[in-house]
Structure formats: C-alpha cells, structure tokens
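Take a look at the structure set out below.
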Amino acid sequence: SRRRHTRSASVSWARRCVQETAIGVYTDGEAYGIEKDLYFAYPVMCKNGEYEIVEGLKWDTFAKEQIDISTKELLAEKATLLEAIKQQSFLMKNILHFRQK
C-alpha cells in the first residue's frame, strides 16, 4: 500500500478525515494508471495526518471514460501552464537584457 505524508492543500483535510473520501493527490504514475505529475482526486483513507490511496477499486465503463476526460483536461492545462511559464521566462530575460543597456 502507498502511505504518504500529506504535503499539499490536502494537509488539513487529511488531519481531520478518518474515513474514506477523495482528495487531490500528486500522482506518481502508479495508482489506477493515472499519468505521473498531476494532481488527481483519488479515493483515500485518511488517518493521523496521512493518507493512503484505496487501491483495487473496479471502475465501470462510464467511470473510466470520465477519468480519461479529466486526465486529458489536466494534461492540457498542464501544457498550457508550462508554455505560459516558458513565455514569461523569455519575456523576463528580454526585459532584464534591455534594462541593462
């Protein structure tokens, strides 16, 4: 099983929660086949400030489709943000270059 110390916005929730729920978890690419490096809502059990991803749940076709849609949306948002950061970095370099002249 995967036990994790909470280290995101889910910290306070995991400290209070003592039941099965879903929280946004930073993905490692292993649980339920969700791509690595996304925040994705997983079914979890929380106790004492830690969460454990509930594994082995079976999804029906509709649930799988919805998960795929959400994953594609998150990947598109991630790509958009990475491009915006890249452009911002380029702009800041140019601004600093012109200020030094």
Side-chain angles (χ1 to χ4, degrees):
S1 74
R2 289 184 194 88
R3 276 198 178 275
R4 307 279 167 88
H5 290 283
T6 54
R7 38 175 206 228
S8 67
S10 303
V11 170
S12 63
W13 178 255
R15 287 186 179 149
R16 295 187 314 246
C17 177
V18 291
Q19 63 186 17
E20 190 171 319
T21 189
I23 58 173
V25 174
Y26 191 69
T27 61
D28 60 8
E30 294 179 27
Y32 294 103
I34 304 300
E35 189 161 327
K36 186 177 181 178
D37 297 329
L38 297 173
Y39 277 93
F40 204 89
Y42 282 105
V44 297
M45 282 294 296
C46 303
K47 188 173 182 181
N48 299 324
E50 294 184 342
Y51 65 83
E52 181 177 352
I53 295 174
V54 177
E55 297 188 49
L57 298 177
K58 303 296 181 204
W59 308 114
D60 64 15
T61 302
F62 177 76
K64 288 177 185 177
E65 290 171 354
Q66 296 306 304
I67 290 169
D68 288 344
I69 290 169
S70 293
T71 300
K72 287 175 185 172
E73 289 173 350
L74 290 169
L75 289 169
E77 290 172 7
K78 180 180 175 182
T80 299
L81 288 171
L82 290 173
E83 183 60 31
I85 291 168
K86 182 179 169 183
Q87 290 177 8
Q88 182 69 24
S89 176
F90 176 78
L91 290 173
M92 291 305 293
K93 285 179 186 176
N94 285 331
I95 290 169
L96 292 174
H97 175 74
F98 286 116
R99 284 186 179 172
Q100 292 174 354
K101 287 186 172 187

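The first residue in the sequence is number 1, and the count goes up from there.
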Do L81 and L75 belong to the same hydrophobic cluster, where Ile, Leu, Val, Met, Phe, Trp and Tyr are linked whenever their side-chain heavy atoms lie under 4.5 Å apart, directly or via other members? no
Contacts satisfying side-chain hydrogen bond (donor to acceptor under 3.5 Å, both in side chains) that involve residues 79-91 (not counting sequence neighbours) are E83-Q87
pair D37-Y26: side-chain heavy atoms closer than 4.5 Å: yes
For Y32 and G56 the tightest heavy-atom approach is OH-N, 3.3 Å
Separation of K78 NZ from Y39 OH (nearest 0.5 Å): 11.5 Å
Please, which pairs that meet ring pair (Phe, Tyr, Trp, His ring centres under 6.0 Å) have at least one residue in residues 60-86, sequence neighbours excluded? none
Result for side-chain contact (heavy atoms from CB on, under 4.5 Å) between F40 and one of V25, I23, L74 points to L74
Any ring pair (Phe, Tyr, Trp, His ring centres under 6.0 Å) pairs touching residues 68-87, not counting sequence neighbours? none
All N/O donor-acceptor pairs, side-chain side in residues 65-73, below 3.5 Å, sequence neighbours left out:
| from | atom 1 | to | atom 2 | distance (Å) |
| --- | --- | --- | --- | --- |
| S70 | OG | Q66 | O | 3.2 |
| T71 | OG1 | I67 | O | 2.8 |

I need the minimum non-hydrogen distance between K36 and T27, along with the two atoms involved. C-OG1, 3.4 Å
